[in-house]
Amino acid sequence: METAVEGLRMLADPTRLRILWLLSGDEFDVSTLAERLGVARPAVSQHLAKLRLVGLITQRRDGRRVLSRARDHHVADLISGLIHDAGHRLDDRAP
């Protein structure tokens, strides 16, 4: 249970949630993530380190670049479910 709570804590940060959303569909290096999110590279690197520490992402080297992606389909399914649920809740609030 503690591991699940720790993972959910990581998702409470909007930037980390956006990073995981991107990493659920493909793998990216830190520069590409920073550009797509409009966030400084050092901040993205810190977020990636936290996500890796709790096991939500994996990383691999490709030459000089380090590519990150969601750990597996379970993480991708969780993120997709959260995003879709949020969309449904927004639709329910619309007048």
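Side chains are part of it too, since the values below use all heavy atoms of this structure and drop only hydrogens, waters and symmetry mates.
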Single-linkage hydrophobic cluster [X]~[Y], side-chain heavy atoms < 4.5 angstrom:
X	Y	answer
V54	W21	yes
F28	L67	no
L8	I57	yes
L78	L20	yes

Validation row: [X], [Y] side chains within 4.5 angstrom (heavy atoms):
X	Y	answer
L48	L33	yes
L22	L37	yes
I79	L11	yes

Rounded to the nearest 0.5 Å, what's the gap from [atom1] on [X] to [atom2] on [Y]? Could you check?
X	Y	atom1	atom2	value
D13	R18	CG	CZ	10.0 Å
S24	R71	OG	CZ	11.0 Å
K50	M10	NZ	CE	6.0 Å

Notebook entry, point to check: Hey, are D29 and T32 close enough side-chain-wise for a donor-acceptor pair under 3.5 Å?
Noted result: yes

Checklist line | Closest heavy-atom pair and its distance - R9, R16 | finding: O-NH2, 4.2 Å

Note to self: Test of understanding: with side chain to side chain donor-acceptor pair (under 3.5 Å), list the residues that count as partners of D26, not counting sequence neighbours.
What the structure shows: none

Quick one: does [X]'s side chain have a donor or acceptor within less than 3.5 Å of a partner on [Y]'s backbone?
X	Y	answer
S45	R41	yes
S80	A76	no
R69	L23	no

